[in-house]
There are 4 protein chains.
Amino acid sequence: MQSRTPAGRAGRPRSAAADAAILGATRQALVELGWSKLTLGDVAVRAGVAKTTLYRRWAGKNELVVDAVAELFDELTLPDRGSLAADIEGVVLQFAAILARPEARSGLMAVVAEATRDDALRERIRASIVERQKRLVLAGRARAQARGELPPEADARQAARTVDLIFDMVAGAVVHRTLVSAEPADEEWVHGFTRVLLSGLAAAPAPDGTETS
Amino acid sequence: MQSRTPAGRAGRPRSAAADAAILGATRQALVELGWSKLTLGDVAVRAGVAKTTLYRRWAGKNELVVDAVAELFDELTLPDRGSLAADIEGVVLQFAAILARPEARSGLMAVVAEATRDDALRERIRASIVERQKRLVLAGRARAQARGELPPEADARQAARTVDLIFDMVAGAVVHRTLVSAEPADEEWVHGFTRVLLSGLAAAPAPDGTETS
Amino acid sequence: MQSRTPAGRAGRPRSAAADAAILGATRQALVELGWSKLTLGDVAVRAGVAKTTLYRRWAGKNELVVDAVAELFDELTLPDRGSLAADIEGVVLQFAAILARPEARSGLMAVVAEATRDDALRERIRASIVERQKRLVLAGRARAQARGELPPEADARQAARTVDLIFDMVAGAVVHRTLVSAEPADEEWVHGFTRVLLSGLAAAPAPDGTETS
Amino acid sequence: MQSRTPAGRAGRPRSAAADAAILGATRQALVELGWSKLTLGDVAVRAGVAKTTLYRRWAGKNELVVDAVAELFDELTLPDRGSLAADIEGVVLQFAAILARPEARSGLMAVVAEATRDDALRERIRASIVERQKRLVLAGRARAQARGELPPEADARQAARTVDLIFDMVAGAVVHRTLVSAEPADEEWVHGFTRVLLSGLAAAPAPDGTETS
DNA sequence: AACTAAACGAGACGGTACGTCTCGTCTTGAT
DNA sequence: ATCAAGACGAGACGTACCGTCTCGTTTAGTT
């Protein structure tokens, strides 16, 4: 975002505190107002910053909210709960907990909606949020392989495709359950979902149409 | 929507043509402008209608777009393709095709985003879109039972829960694949997804936490 | 339930009560809202009449208010107070009293303002209000002549011109005092004004530019 | 003695050119459209200014038009024409000439009409127009006293009352002649009016009820 | 210590859309 | 034919934000 006086630039450097204040104020405003009533003028006031300062750093509301929301998902972790099923349940519950927070709900879905018409924004979301969090799927698989629950994958392309499918199924189901069906993604639901997912993956190990059976 | 001069019949009745013109204009504007740049004034002009007429029938942009988008999903059908798996693949592909249309993409996600802060809107979405389309899951199950692919369910509550889970998994995965991951939900992907889903459901028939193991 | 079809007219006859109700409602609305906030829809509601009925009888707000206000000035009388000066003072005080009423203030000045751009309206005002009330000047002069305070006029054109001048000076001064200077046209002021007016008329009997000097 | 953003100096200063452009555009719109069809949006467009800029400076149509019209009367002067009577005739003719202009006619009467229900507006008119132009009466009297045509006044309160009466009579008669009677205030009429006024003032020098006769 | 130049707060600017209001007309069924 | 009721197309209202543009004021790094 900001370049720390890249090549011996003259002039006053940008305030490092401003960025944090602005992102925090954005999340706070998302909680109180939601996406559509959030205004950049209001964010600037909350952050104790002039509108000019805000526009110097972000191109608009979309970009600002992507950055503000992306930070939220960095708190996801994959604690070792002893089995692949338990690990997955754990991270799905964490994910559901984040989506239960109003700043995540409003912000994430709104920028996704905007991204349907803005390729640059979609790419920003993919890079900042989706790809960034695939680390969790990779870590989970590696741990399961270390435990012997999963065999090492032979085909890299095939493995990547499976990661994508898992990610779409996990994230998609939780988002849909939470935001569209408007039902809580509680432990019972997560348990049932995880069983179906794992059973399906175990029984259908080659989701590319080339399997024998 | 329509009130056939319910109790007091005085006064000029509302134009039935206006409703259709407005909803059509809304979809057209969604295609050309997307949610955030869609304005009700513009919709009114496209529909050849005054802004007042529009506000007399819908409370705002959100309600209008929900109704305009909900109609899109009524074109989903469940043609008999011979097997449960083929039937599911068929309807998932249809669903993906609708989500590939810009009016559905922009409109649906935007109202879902708005609904995160508006309970009335969320309920409207649930009733007009989600519950309305569960008919597909029910019809698919009934047909599979008639074929003998599935046993008749014994526990009604359990059955309803399974319907919800299937709906969240199908709709969620397709939406996520299409809108967030921004990859096409093509035949290959749908094939892989369907196999995992059906295998999982077959292998884990009681997703309610009451199983023995 | 009589059917007095005036001249063999078919159909339902116009309600005679409606006219009075509408003019009364107009004056009431002028009192409460003033000219600029008076709406014909509101007048119709107050009169218990449909907007259609109102528009069938008057072309618009201006015409309606002229008629509603014109009636107010018909209550002006010229009681015999024994002398020309006293008669004038009497009628000026009555005029000031009418102008102190809010429906007259708002309504009269507003239609005059509108009339600056509408010749038909100006003519309507002149005929319904101005010419109609010159009767007072004429009656006052006749009474003064009967008393011997004024000689009978010889030149009709000259006499008409004097009537106009008196009317402009009286009405103009009272209106300006009341509405622009916003001071009360009380007895003291009327007394001073009347003395100046009468003294001037007595000392300058030929206001037509034909005098010697 | 600088007036550079006098108290709070922060922020971009208001454009001085905008005020002049707006007032000019207002007068132009009054000429073309009249009061009732004048819209602030149209004024803004004519002035090449955003509506917000206009609303930032004036509370509404009334206030704007008062200011736009008030400037018109600043062109009144009192050239020395040799005698009190001639001086008065001169300024009355100038006044009539201004009232013959459509922007003055429409604007002045309309704001006076509005002022009948708005004390703040009436005060603004009194201060910006009435009191401001009493300078002419004062200057005329001073010049007449210097010439010996009038004695120096002894009683200040009495003198002020006379100034008010003269102003109401002059302004009132000209306005009524021009706008209500809708006859031209031409030289002949002004000559006759002035004679009556001056004769009356000369013959009745104490318009307060304390004179001897 | 003085200079320099970008970043800063404040807020005015030209725009655009909002949701409401009133206009004057039109359409209904009832009188 | 007229009425009460109320929907209709039209368009102005005054407000709220947008993103940009001056302003005069810090403030860190370079001379």
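These figures come from a predicted structure and were not determined experimentally. Residue numbers begin at 1 in each chain, while the letters A, B, ... track the order of the sequences. Every heavy atom of this structure was used, including side-chain atoms; hydrogens, water molecules and symmetry mates were not.
Contacts between residues 33-44 of chain B and DNA chain E, defined by a heavy-atom separation below 4.0 Å, involve B/T39, B/L40, B/G41, listed by number.
Of the possible donor and acceptor atoms, none in the side chain of C/T53 sits under 3.5 Å from a partner among the backbone N and O of C/V49. In terms of modelled atom types and a separation under 3.5 Å, the side chain of C/R105 and the main chain of D/A115 share no donor-acceptor contact. In this structure, C/R27 contributes its side chain and C/E103 its backbone to no donor-acceptor pair below 3.5 Å. Of the possible polar contacts, none joining the C/K37 side chain to the C/L30 backbone as a donor-acceptor pair under 3.5 Å is found.
Between C/Y55 and B/K61, the residue anchored nearer the 5' end of DNA chain E, judged by the nucleotide with its closest heavy atom, is B/K61.
Straight-line distance from the CG atom of A/L54 to the P atom of F/dC21: 17 Å, rounded to whole Å.
Test D/L64, D/L40, D/D67 against D/I22 for side-chain contact (heavy atoms from CB on, under 4.5 Å) and you get one pass: D/L64.
The salt bridge (charged side-chain N to carboxylate O under 4.0 Å, His left out) test applied to D/D118 returns no partner, not counting sequence neighbours.
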Could you walk me through whether D/R46 and D/E32 pass the salt bridge (Lys or Arg N to Asp or Glu O under 4.0 Å) test, one step at a time?
CA-CA 12 Å; D/R46 287 169 191 264; D/E32 294 177 21; 3.0 Å; yes
What are the atom names and distances for every N/O pair under 3.5 Å that joins the protein to nucleotides 8-12 of chain E?
unit_1, atom_1, unit_2, atom_2, d
E/dC8, OP1, A/S15, N, 3.3
E/dC8, OP1, A/R57, NH1, 3.1
E/dC8, OP1, A/R57, NH2, 3.3
E/dC8, OP2, A/R56, NH1, 2.7
E/dC8, OP2, A/R57, NH1, 3.1
E/dG9, OP1, A/G48, O, 3.3
E/dG9, OP2, A/A50, N, 2.8
E/dG9, OP2, A/T53, OG1, 2.8
E/dA10, N6, A/T52, OG1, 3.2
E/dA10, N3, D/G11, N, 3.4
E/dA12, O4', D/R12, O, 3.1

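Shortest non-hydrogen contact noted between A/S106 and B/T116 is OG-OG1, 3.1 Å.
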